[in-house]
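What follows is a short report on a single structure.
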Amino acid sequence: MNKQEIIRFFDHLAPQWDADMVRSDSVIDTILENAEVRPGAAVLDVACGTGVLIPDYLKRNVSSVTGVDISPEMVKIASRKFPQENVRFLNADVEEMDCGEAYDVIMVYNAFPHFPEPERLIAALNGMLKPGGTLTVAHGMSRAAIDHHHAEAAGNVSRGLMHEDELAGIFSKYLTVTVKISDEHMYQVTGKKL
């Protein structure tokens with residue numbers, strides 16, 4: 001997987017991203033609850049796209065949201081949609097950036113298969129977590145559905161979604177695993193930094 005290919009792929013999709021989105025509010029609520037998205041939390045939304053989860057974070061009265069995405073077109077759209085002072089967007093490669101901040105919650109939602117080196121990503125994000133903070137990798141559909149979707153549309157810019165036990169094994173090198181779900185509705189692994 002080539003990062004420039006990933007950027008081109010998502011830049012191309014950005015204009016219709018919101019119109020093509022399918023979401024389940026109940027699944028998203030479960031994911032955010034499991035991720036401990038609480039009032040006053042500082043959230044880092046990794047591969048935020050057009051900001052699909054920003055309204056959900058704001059409804060939970062977080063103190064701030066930083067969205068980061070490697071696609072400049074996704075970031076442009078997100079920035080226009082959410083001009084609030086406590087929301088900011090960065091066009092950056094999260095594995096290489098130094099944002100100079102630590103977060104209470106880091107969320108990778110519907111994006112994990114697009115990162116070529118999963119352990120490198122988890123290690124980098126762990127370094128951005130506050131003590132007591134949570135890191136979550138989640139998808140709003142089953143592992144089989146994600147793999148099927150990516151095989152059709154995004155085969156050259158994604159890899160299969162790893163089994164939740166394998167991902168929990170990577171998490172456990174850095175964090176205490178608190179959630180591990182893979183069912184017909186969703187996929188989520190969450191860990192807490194102690």
State whether Arg38 and Glu33 are salt-bridged, where the test is any N-O pair (Lys NZ or Arg NE/NH1/NH2 against Asp/Glu carboxylate O) under 4.0 Å.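 A salt bridge is present here (some side-chain N lies under 4.0 Å from a carboxylate O).
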Within-4.5 Å side-chain heavy-atom neighbours: [X] and [Y]:
{"X": "Ile170", "Y": "Met162", "value": "yes"}
{"X": "Leu53", "Y": "Ile28", "value": "yes"}
{"X": "Pro113", "Y": "Ile146", "value": "yes"}
{"X": "Phe112", "Y": "Leu161", "value": "yes"}

Distance from [X] atom [atom1] to [Y] atom [atom2], nearest 0.5 Å?
{"X": "Lys3", "Y": "Glu96", "atom1": "NZ", "atom2": "CD", "value": "5.0 Å"}
{"X": "Asp45", "Y": "Ile106", "atom1": "CG", "atom2": "CD1", "value": "10.5 Å"}
{"X": "Lys76", "Y": "Asp69", "atom1": "NZ", "atom2": "CG", "value": "13.0 Å"}
{"X": "Tyr103", "Y": "Ser64", "atom1": "OH", "atom2": "OG", "value": "7.0 Å"}
{"X": "Thr190", "Y": "Lys180", "atom1": "OG1", "atom2": "NZ", "value": "12.5 Å"}
{"X": "Gln188", "Y": "Ser182", "atom1": "CD", "atom2": "OG", "value": "11.0 Å"}

Would a single hydrophobic cluster contain both Phe171 and Tyr174, if residues Ile, Leu, Val, Met, Phe, Trp and Tyr are joined by side-chain heavy-atom contacts under 4.5 Å?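 Yes, Tyr174 and Phe171 fall within the same hydrophobic cluster.
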A quick test of your reading: do over 12 heavy atoms of other residues, nucleotides or ligands sit less than 6.0 Å from CG of Asp98?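 No, CG of Asp98 has 12 or fewer neighbouring heavy atoms, counting only those of other groups under 6.0 Å.
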Which of parallel (below 30°), tilted (30 to 60°) and perpendicular (above 60°) describes Phe82 and Phe89?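 Because their plane-to-plane angle lies in the 30° to 60° range, the rings of Phe82 and Phe89 count as tilted.
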